[in-house]
Amino acid sequence: MYLKSSFAEDIVREIVDLEMSDNEAVMILLAVEGQTDVDELIRQLNYHGIDFFGGIFPGLIHGTKVHHSGAVVQKFPLIEKPILVKGLDSQDFGIPPFEGKILENTSKKNTLMILLDGMTENITQLLHRTFNSLGNSVNYIGAGAGFLQVERNPCVFTPAGLFQDAAIIVPIGMESGLGVHHGLEFISGPIIVTKSNNHVIQELNWKNAYQEYKDTIEKAMGEKWNDDEFSELIENFSFGIYCEDREYIARVPARVTENGELICPGGMPENAALSILRSESKKMLQAASKAAKEAIHPKTKARNTLVVECLGRYNFLGNEFNAELSSIARELKKVDEKVIPEGILSVGEISSYQDGILEFFNCTVVVGRFYE
């Protein structure tokens, strides 16, 4: 459900009124501009003995509208308590072994939700370690939280507090249908990452990363822009990592350093061969509809729906973004007339494909439907 108020006491009041089973936890998605007092929210929820997890995001989705304040609240049955992973700014972080019920319950394919700091350094490493432990025994869905500011802030929370450079891994006792698409189109490539440091691309084709990126796009588009002009367009273009039999994995440079390095959430290894992709509104709208279709199990009614939309798509589509959300809602209403899609604008999207492979995306829409 969507709550209009951003005040901690109002959100807590609504959550306390929910009928909760012993094995359920509440997911709380907050909007940055709402400026909710998260410490007070945590204190009050702990006082009431409510299990919860959540994050702070650039925007919230309810139906066909985007909200920049308030909260989206959903409850989920858990297999185990949420796992907090801290220290993602260092490669020395550790994740506890996945044992117990999450691996014991083989009668259905459960779902692992991951909410994390979308601007931290070791996202890909976290996802790889998680997938190496669980493989395709579960489905995966999640999102990058954050503020997209140079000065970062804590953005994910549990009963233990509010954290930066952290992830929350939530084992959910529900099956899920997932749709993952972006609709971006190829314009140039390959271009080689010749020097990088985790999520910082320093050189492309043995040249300054920013200048080569800009030059490659200008050549492909047949246009020239000064740096100020290009800074307004940079979100319209993405790197594409080739994947056989599916769309490219899209990664968008979040910002450019003074030295011309590209900060690319999710990481980019040296020697990676990249393509350049362009945002195109018609194909993006079609991709959103396709993602919704693929998330549907026609013969089973969903208990929860979660839409994870990249902030970059929202910025690019502008007034057309409502049409994208409408296309998602239209597909879902074909099997459930009462459904109201809810979700977030994210700083990176997390999902597994139908074959189980776990990835981190940018400029992508993920639609998840949860089935008991």
Side-chain angles (χ1 to χ4, degrees), residues 29 53-58 82-96 98 112-135 138-150 152-158 163-170 178 180 182 193 196-202 235 238-241 243 248-255 257 261-270 272 274 308-312 344-353 356-366 368:
L29 309 174
F53 63 94
I56 306 170
F57 295 88
I83 299 164
L84 176 65
V85 180
K86 297 188 288 185
L88 293 180
D89 54 338
S90 166
Q91 294 193 21
D92 296 331
F93 73 90
I95 58 174
F98 292 99
L112 205 73
M113 184 180 294
I114 304 173
L115 301 183
L116 50 74
D117 182 341
M119 295 300 291
T120 195
E121 296 181 19
N122 291 291
I123 293 172
T124 302
Q125 291 87 333
L126 170 73
L127 299 186
H128 284 172
R129 294 181 195 180
T130 302
F131 188 77
N132 286 341
S133 295
L134 293 173
V138 297
N139 281 335
Y140 303 87
I141 187 172
F147 298 75
L148 277 186
Q149 298 170 337
V150 175
R152 293 168 51 222
N153 292 284
C155 56
V156 294
F157 56 90
T158 71
F163 300 95
Q164 181 175 313
D165 295 311
I168 307 165
I169 301 175
V170 188
L178 301 172
V180 186
H182 55 64
V193 180
S196 68
N197 182 11
N198 203 346
H199 70 316
V200 181
I201 303 175
Q202 297 161 316
E235 275 193 344
S238 306
F239 289 118
I241 303 171
C243 286
Y248 290 91
I249 296 171
R251 296 278 176 80
V252 180
R255 61 185 179 90
T257 71
E261 300 166 328
L262 300 176
I263 307 300
C264 199
M268 195 68 73
E270 289 185 356
L274 307 176
V308 183
E309 281 267 17
C310 181
L311 176 64
I344 45 189
L345 301 182
S346 62
V347 188
E349 301 73 59
I350 296 169
S351 183
S352 49
Y353 288 107
I357 301 298
L358 174 61
E359 296 286 0
F360 182 80
F361 309 89
N362 294 132
C363 210
T364 297
V365 54
V366 176

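Scope of the values below: all heavy atoms of this structure, side chains included, with no hydrogens, waters or symmetry mates.
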- Message: Is there a side-chain contact (heavy atoms from CB on, under 4.5 Å) between Leu178 and Ile141? Walk through the geometry before answering.
- Response: CA-CA 8 Å; Leu178 301 172; Ile141 187 172; 4.0 Å; yes

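- Side-chain contact check for Ile95 versus Thr130: some heavy-atom pair is nearer than 4.5 Å.
- The CZ atom of Phe163 lies 11.5 Å from the CZ atom of Phe157; values are rounded to the nearest 0.5 Å.
- Taking both residues in full, the closest heavy atoms of Cys264 and Ile201 are given as CB-CD1, 4.2 Å, listed atom of the first, atom of the second, then distance.
- Between Val252 and Cys363, the shortest heavy-atom contact is CG2-CB, 4.0 Å.
- Side-chain contact between Thr364 and Cys310 is absent, with no heavy atoms from C-beta onward closer than 4.5 Å.
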- Task: Using the side-chain contact (heavy atoms from CB on, under 4.5 Å) rule, take Leu345 and Phe57 through it: C-alpha gap first, then chi angles, then the decisive distance, then the call.
- Result: CA-CA 6 Å; Leu345 301 182; Phe57 295 88; 5.9 Å; no

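- When all heavy atoms of Pro82 and Val170 are compared, the closest pair comes out as CB-CG2, 4.1 Å.
- In this structure, Glu121 and Asp89 approach most closely via the heavy-atom pair OE1-O, 3.6 Å.
- The backbone N or O of Gly94 lies less than 3.5 Å from no partner atom in the side chain of Arg129, so there is not a single donor-acceptor pair.
- We find the CD1-CG distance between Ile114 and Leu126 to be 6.0 Å, quoted to the nearest 0.5 Å.
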- Apply side-chain contact (heavy atoms from CB on, under 4.5 Å) to Ile168 and Leu116, showing your working. CA-CA 6 Å; Ile168 307 165; Leu116 50 74; over 6 Å; no

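- Results of the side chain to side chain contact (heavy atoms under 4.5 Å, CB included) test with Glu349 over Val365, Val180, Ile344, Val308 single out Val308 as the only residue that passes.
- A heavy-atom distance below 4.5 Å is not found between the side chains of Leu274 and Arg251.
- Ile357 is listed as a side-chain neighbour of Phe131, based on a closest heavy-atom distance under 4.5 Å.
- Note: Tyr140 and Phe361 fail the aromatic proximity criterion, with ring centroids not under 6.0 Å apart.
- Proximity of Glu359 to Ile241: side-chain heavy atoms (C-beta onward) are nowhere separated by under 4.5 Å.
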- After noting the C-alpha distance and the side-chain angles of Val366 and Ile350, does the key distance pass the side-chain contact (heavy atoms from CB on, under 4.5 Å) rule? CA-CA 8 Å; Val366 176; Ile350 296 169; over 6 Å; no

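- In this structure, the side chain of His199 does not engage the main chain of Ile123 through any donor-acceptor pair within 3.5 Å.
- Between Ser238 atom OG and Tyr248 atom OH the span is 12.5 Å, to the nearest 0.5 Å.
- Nearest approach of Ser196 to Pro269, heavy atoms of both residues: OG-C, 3.6 Å.
- A distance of 12.5 Å separates OG of Ser133 from NE2 of His128, quoted to the nearest 0.5 Å.
- Put simply, CD1 on Ile169 and CE on Met113 are 12.5 Å apart, with the number rounded to the nearest 0.5 Å.
- Minimum heavy-atom separation, Gly348 to Asn362: CA-ND2, 3.7 Å.
- In this structure, the separation between CG on Asn139 and CG on Leu134 is 11.5 Å, given to the nearest 0.5 Å.
- Here Asp117 pairs with Met119, Thr120, Arg152, Cys155, Gln164, Asp165 under the side chain to side chain contact (heavy atoms under 4.5 Å, CB included) rule; sequence neighbours left out.
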